[in-house]
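Taking it in order: structure first as structure tokens, then the write-up.
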2 protein chains.
Amino acid sequence: MAVTIKDVGKLANVSPSTVSRVLANHPKISDETKRKVREAMEELGYHPNLQARSLVVKSTKTIGIVMPHSTERVLENPFFPEVLRGISLEARKSQFGIYLTTGASEEEILQEVIEMVQGKRVDGIILLYSKTNDKIMDYLLQNKFPFTVIGRPYQNAERITFVDNDNVFITKQITEYLIQLGHQKIAFIGANMEMVFTIDRLKGFKQALKENGIAYQKELIIYDKELVDRTKEKLTEILNLESRPTALVVSDDFIAIELISYAEELSISIPEDLSIVAFNNISTGKYMKPSLTSVDINIFQLGVEATKCLLDDITYPNAVTKRITVPAKMVERNSCCRVAE
Amino acid sequence: MAVTIKDVGKLANVSPSTVSRVLANHPKISDETKRKVREAMEELGYHPNLQARSLVVKSTKTIGIVMPHSTERVLENPFFPEVLRGISLEARKSQFGIYLTTGASEEEILQEVIEMVQGKRVDGIILLYSKTNDKIMDYLLQNKFPFTVIGRPYQNAERITFVDNDNVFITKQITEYLIQLGHQKIAFIGANMEMVFTIDRLKGFKQALKENGIAYQKELIIYDKELVDRTKEKLTEILNLESRPTALVVSDDFIAIELISYAEELSISIPEDLSIVAFNNISTGKYMKPSLTSVDINIFQLGVEATKCLLDDITYPNAVTKRITVPAKMVERNSCCRVAE
DNA sequence: CTGAAAGCGCTTACAG
DNA sequence: CTGAAAGCGCTTACAG
């Protein structure tokens with residue numbers, strides 16, 4: 001059916017081995033035969049069967065990407081396309097393809113990962129997120145399979161190559177920015193507390209409070225879990241607190257946008273009554289009213305670096321693990337202002 | 001190194017052929033040997049090498065997805081994650097994996113597609129977009145490789161299975177909605193004119209005008225090409241036309257959001273001075289001020305249906321081509337109002 | 001019900 | 001510089 005190395009060999013009057021060698025541009029093959037063989041390939045429209053090659057060379061030239069559960073709202077935000085753009089760019093440079101998980105639950109994803117790994121579908125894996133007690137990370141580590149994570153591994157970080165923002169630092173910085181604007185009552189609206197970036201950001205948030213002598217108030221910390229399915233009530237609840245916060249650190253621009261709309265229903269003006277700084281710097285943030293002050297976490301670069309690391313890891317197994325920090329920076333716009341006296 | 005069918009056979013005291021058969025749960029193998037073999041697999045942690053299997057059964061159980069050029073802004077909007085969610089869901093049901101193109105130009109993507117097809121990496125392909133003169137579609141058609149497109153193929157539609165919204169109809173409908181609100185000067189802000197959905201929407205737009213006796217004005221049609229890199233000038237230009245439109249049909253919520261912000265800089269109020277209906281119904285649309293009236297094109301369902309069709313096509317090659325229409329509907333919010341007399 | 005053999009399409013020592 | 005042979009890990013007629 002499909003044209004194989006044998007057909008090409010026959011047409012060019014050489015053995016299959018020789019065809020294979022010109023495919024690899026082996027230096028010891030004469031230019032003459034190379035020409036002949038290439039002509040034959042051209043004529044027959046030959047293209048190597050990658051499966052067959054993979055089977056013998058034991059390398060697939062593809063990387064697997066583990067996405068968050070496809071049911072998560074996470075996927076709604078532009079993180080995914082953007083990180084993929086970074087990964088693609090870098091993978092393509094090395095002629096690597098991309099294979100995706102599709103699972104809707106951690107268990108399903110784990111099964112897919114096992115199949116990718118054991119089924120020899122990929123040479124390495126990029127984990128797009130880092131959460132606590134992640135079975136997938138455990139599995140990969142245990143099987144010594146090359147992988148890189150975007151985000152800080154909660155355990156075994158010293159044995160894992162990862163790229164991340166310095167979430168503690170940047171969150172401390174933005175919190176201090178709010179403090180310098182005179183805010184004392186600042187709430188933290190986190191994402192899922194199983195996500196390590198949430199843990200790190202909360203840490204930075206607390207550090208800023210502490211170093212500035214502001215007491216930490218438990219009721220001013222809200223997590224995603226409390227938000228899902230009753231976002232509106234929960235957010236409204238905060239806004240109605242008798243000692244309502246004057247500023248918010250919000251894990252995601254989308255939540256910030258939602259929250260702003262609720263605030264305005266309650267006649268709370270942004271930023272006069274409530275300052276907000278969020279994360280991710282979505283492209284429409286600058287067109288909002290008020291425009292959103294947000295942390296640009298450089299998603300594209302996270303993807304690029306993670307891929308570079310993974311490809312390194314595949315090429316030189318057993319090299320030392322690396323830790324890459326991608327700079328995040330606050331983009332100041334108009335959703336924050338000095339607290340009213 | 002890795003454990004193979006041979007190792008399992010040895011441990012279970014059967015031939016590799018038998019192991020292979022219990023893998024396939026062949027009915028003629030006795031329960032007793034099945035048990036024995038499965039035990040051995042368990043003990044050794046055996047997992048089949050999918051590459052090897054693919055090589056002989058000539059099926060990869062994976063589908064390839066061709067994305068728009070990764071450089072396009074298209075990727076910024078939630079179309080991509082959402083369609084992928086639909087594809088994943090459906091693919092997973094049939095145990096199919098997903099392989100992605102990464103190319104940054106049509107030429108690169110074509111090369112990748114050729115490699116996917118000839119390299120036997122995938123059993124079928126989903127094209128995530130439809131544009132005029134698409135080399136990739138031509139290639140696939142010519143090679144009789146199973147594929148499905150999301151969007152209407154510009155050529156050869158009768159020979160291609162595709163899923164699409166009825167873009168002509170829905171755009172006609174929303175245009176009539178604006179006309180019924182009393183608007184006569186309506187502008188159309190399209191995406192790239194090479195995209196077939198833009199062509200179709202423009203057609204629906206014109207139909208609505210014609211049937212309502214409104215003259216078609218060329219200067220009220222703007223394409224993406226004119227927008228890229230100088231979006232602001234171009235949009236502002238429209239807003240400054242001496243006979244400024246009172247309503248807009250905009251190809252994408254993101255553009256609408258951007259446009260709204262420029263309008264307000266010019267003290268044009270939405271919707272009082274300018275009504276807007278856009279496409280895609282992004283999740284934050286309802287939190288905008290004003291909230292966005294937008295067409296929900298049901299991206300998720302487009303992904304699901306495209307995958308179903310493709311899997312059918314893979315299972316029953318040479319079946320008749322299908323055309324699936326996924327309903328789109330306008331979600332009415334507050335960005336449109338009756339034209340001022 | 002099970003095994004031996006051939007074969008999927010390639011690569012790569014080994015030999016000359 | 002090139003070919004014959006073995007092998008990657010599986011599946012599947014063919015035979016018994």
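Below, chains carry the letters A, B, ... as their sequence lines are ordered, and counting in each starts from 1.
Taking 4.0 angstrom as the limit, Ser17(B) places none of its side-chain polar atoms (N or O) nearer than this to OP1 or OP2 of dA4(C). Phosphate contact (OP1/OP2 of dC10(D), side-chain N/O of Lys6(B), threshold under 4.0 Å): absent. Taking only side-chain nitrogens and oxygens, Thr4(A) never comes nearer than 4.0 Å to OP1 or OP2 of dG9(C). Contact annotation: Lys58(B) side-chain N/O to dG9(C) OP1/OP2 distance is under 4.0 Å. At the phosphate of dG3(C), OP1 or OP2 sits under 4.0 Å from a side-chain N or O atom of Ser15(B). Residue Ser54(A) places none of its side-chain N or O atoms closer than 4.0 Å to OP1 or OP2 of dC10(C).
Taking for each of His47(B) and Arg21(B) the nucleotide of DNA chain D with the nearest heavy atom, the 5'-most of the two is the partner of His47(B). In terms of position on DNA chain C, the residue among Ala52(B) and Asn13(B) whose nearest nucleotide sits closer to the 5' end is Asn13(B).
The distance from the CD atom of Gln95(B) to the CD atom of Glu112(A) is 9.0 Å, given to the nearest 0.5 Å.
For the pairing with Lys322(B), the side chain to side chain donor-acceptor pair (under 3.5 Å) check across Asp313(B), Thr161(B), Asp312(B) returns one residue only, Asp312(B). Of the residues listed (Arg121(A), Lys120(A), Met116(A), Gln118(A)), the one engaging Leu50(B) in a side-chain contact (heavy atoms from CB on, under 4.5 Å) is Arg121(A), and it is the only one.
With dG3(D), dT2(C), dC10(D) as the candidates, the nucleotide lying closest to the side chain of Ile29(B) is dT2(C). In this structure, the nucleotide among dC10(C), dT2(D), dG9(C) sitting nearest to the side chain of Lys28(A) is dT2(D). For Ser30(A), the side-chain atoms get nearest to dT2(D) when compared with the rest of dC1(C), dT2(D), dG3(D). Distances from the side chain of Leu23(A) to the nucleotides dT11(C), dC10(D), dC1(C) place dT11(C) closest. For Val56(A), the listed nucleotide lying nearest its side chain is dC10(C); candidates were dC10(C), dT12(D), dC10(D).
When the C1' atom of dT2(D) is taken as reference, atom CZ of Arg35(A) falls 17 Å away, rounded to whole Å. One can place NZ of Lys10(A) at 16 Å from C1' of dA4(D), the figure rounded to the nearest angstrom. Whole-Å rounding puts the Arg53(A) CZ to dC10(D) C1' distance at 20 Å. Atoms CG (Leu55(B)) and P (dC8(D)) sit 14 Å apart, rounded to a whole Å. In this structure, CD1 of Ile5(A) is placed 15 Å from C1' of dG7(C), rounded to the nearest angstrom. Computed from coordinates, the Gln51(A) CD to dC8(D) C1' distance equals 13 Å when rounded to whole Å. Atoms CG (Asn49(A)) and P (dC8(D)) sit 18 Å apart, rounded to a whole Å. Rounded to whole Å, the distance from NZ on Lys61(A) to C1' on dC10(C) is 16 Å.
No donor-acceptor distance shorter than 3.5 angstrom exists from the side chain of Ser94(A) to the backbone of Phe96(A), with no hydrogens or angles considered.
Val19(B) comes within contact range of no nucleotide atom at all, as no heavy-atom separation falls under 4.0 Å.
Pair assignment for dC1(D): dG16(C), on the basis of Watson-Crick or G-U wobble contacts that are both within less than 3.5 Å.
Of all the heavy atoms in Tyr129(B) and Met67(B), the pair that sits closest is CE2-O, 3.6 Å. Between Ser54(B) and Gln51(A), the shortest heavy-atom contact is CB-NE2, 3.2 Å.
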